[in-house]
Amino acid sequence: MEKKWLEEQVASLRLDEHMALEDIPNLDLYMDQLITLFESNLSHTKRHEDDKLLTKTMINNYTKDKVLMPAHKKKYTKDHIVLMLLLYQLKSIISISDIKDVFSVLKQEDNIDSETLTNLYKACLNSREKEMSYFELGIEKRVDTVNEELDKLGIKDEKIGAALLVFTLIEQAIYHKRLAEIIIDKCIK
């Protein structure tokens, strides 16, 4: 697999784009406005153009499952939006039950500690730059490993190489997920 092509694909992910706290309105939003905010700021994270980032059903289910606090007079606050941004990142990797456990560290009694939530979100955004550089370096090393293995076996088929790279990327994701689950189970629950 060619590194240059893969670098272009990594760049196309636009990993450096996110919704900063300043991008979140300081006024409460109705559900439709909230969905529009996500679509306009995070549509680049979709795999397919017609994928939905957030739906009314999702929001209602997260509220019913007590992952999110209920809307206040049918409006969602900045805290709701920040929680949903974090939830959006987490839900593709860990279970809703685990997300609920992670969010529990933000609660005082049954309310979200707004200052802690804001600081956590800022810290998450600040760590992204380092994580992106680790990711890019890791991709380079994985491509080298895959190419070495293919050369050893005399395999020239690019699709086999692509499949092997997918397996190695997924394997790494599994390691991260399993470690995150251990941290949730032993340090948060």
Side-chain angles (χ1 to χ4, degrees), residues 1-63 67-68 71 75-96 98-99 102-103 106 117-143 146 158-159 161-163 165-177 180:
M1 176 141 307
E2 287 188 41
K3 284 186 187 178
K4 184 173 174 54
W5 179 84
L6 211 49
E7 287 170 6
E8 291 169 1
Q9 302 318 301
V10 169
S12 76
L13 295 174
R14 298 164 44 191
L15 297 173
D16 57 334
E17 294 182 28
H18 58 273
M19 195 180 314
L21 281 169
E22 304 79 47
D23 299 333
I24 301 171
N26 283 323
L27 44 106
D28 298 346
L29 302 177
Y30 288 107
M31 191 179 294
D32 287 338
Q33 294 170 312
L34 177 64
I35 292 168
T36 300
L37 178 72
F38 269 67
E39 285 292 329
S40 62
N41 284 277
L42 300 173
S43 62
H44 68 280
T45 64
K46 294 180 184 181
R47 180 175 182 186
H48 303 288
E49 197 170 313
D50 59 342
D51 288 348
K52 300 289 182 202
L53 295 172
L54 194 61
T55 66
K56 291 178 181 186
T57 302
M58 286 180 200
I59 295 168
N60 288 331
N61 286 338
Y62 298 146
T63 304
V67 178
L68 293 175
K75 289 187 173 183
Y76 294 87
T77 65
K78 193 168 190 165
D79 285 349
H80 282 104
I81 296 167
V82 171
L83 279 172
M84 283 189 246
L85 288 166
L86 293 169
L87 174 61
Y88 177 71
Q89 291 295 324
L90 296 171
K91 74 181 180 112
S92 65
I93 305 295
I94 62 174
S95 70
I96 294 299
D98 283 342
I99 293 170
V102 171
F103 284 1
L106 302 169
L117 174 61
T118 299
N119 288 334
L120 175 66
Y121 189 68
K122 284 179 187 175
C124 288
L125 292 180
N126 291 339
S127 69
R128 284 181 76 138
E129 193 171 315
K130 284 182 184 172
E131 290 302 319
M132 285 186 303
S133 67
Y134 299 151
F135 173 70
E136 290 167 359
L137 183 63
I139 294 295
E140 284 182 37
K141 289 183 180 210
R142 280 181 193 79
V143 169
V146 164
E158 286 187 26
K159 287 190 178 187
L165 183 58
V166 167
F167 285 120
T168 63
L169 290 170
I170 297 301
E171 190 69 25
Q172 192 68 30
I174 291 167
Y175 300 157
H176 284 94
K177 178 184 181 200

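Within the structure, ring pair (Phe, Tyr, Trp, His ring centres under 6.0 Å) pairs that include any residue of residues 75-95 comprise Y76-H80 (at least two apart or interchain). For residues 1-10, every residue pair satisfying the side chain to side chain donor-acceptor pair (under 3.5 Å) rule, not counting sequence neighbours, is listed here: K3-D144. Residue pairs that meet the side chain to side chain donor-acceptor pair (under 3.5 Å) test with at least one member in residues 131-142, sequence neighbours left out, are R142-Q172. Every pair passing side chain to side chain donor-acceptor pair (under 3.5 Å) that includes a residue from residues 13-40 is listed here, sequence neighbours excluded: R14-E17, N26-K78, D32-K56, E39-K46.
Residues V146 and F167 form no side-chain contact, since every pair of their non-hydrogen atoms from C-beta on lies 4.5 Å or further apart. Contact annotation: the side chain of I139 approaches that of L169 to within less than 4.5 Å [non-hydrogen atoms, C-beta and beyond]. Residues I96 and N61 have side chains not in contact (no heavy-atom distance under 4.5 Å, counting atoms from C-beta outward). Counting heavy atoms from C-beta on, the side chains of K122 and T118 come closer than 4.5 Å. Proximity of Y121 to L83: side-chain heavy atoms (C-beta onward) are nowhere separated by under 4.5 Å.
When all heavy atoms of F103 and L90 are compared, the closest pair comes out as CE1-CD1, 4.1 Å.
In this structure, CZ on F38 lies 7.5 Å from CD1 on I81, to the nearest 0.5 angstrom. Note that the CD atom of Q89 and the CD1 atom of I99 stand 10.5 Å from one another [nearest 0.5 Å]. Distance check: L15 CG to E129 CD gives 12.0 Å after rounding to the nearest 0.5 Å. We find the OG-CE distance between S127 and M132 to be 9.5 Å, quoted to the nearest 0.5 Å.
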Pair T168-I170, side-chain contact (heavy atoms from CB on, under 4.5 Å): steps then yes or no: CA-CA 5 Å; T168 63; I170 297 301; over 6 Å; no
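The side-chain contact (heavy atoms from CB on, under 4.5 Å) with L54 is formed by just one residue from the set I59, L42, L37; it is I59.
Looking at residues two or more places apart in sequence or on another chain, you find a side chain to side chain contact (heavy atoms under 4.5 Å, CB included) between L120 and L86, L106, C124. In terms of the salt bridge (charged side-chain N to carboxylate O under 4.0 Å, His left out) criterion, R47 has no residue partners (sequence neighbours excluded).
Counting heavy-atom neighbours within 6.0 Å of H44 NE2, excluding the residue itself, gives a total above 12.
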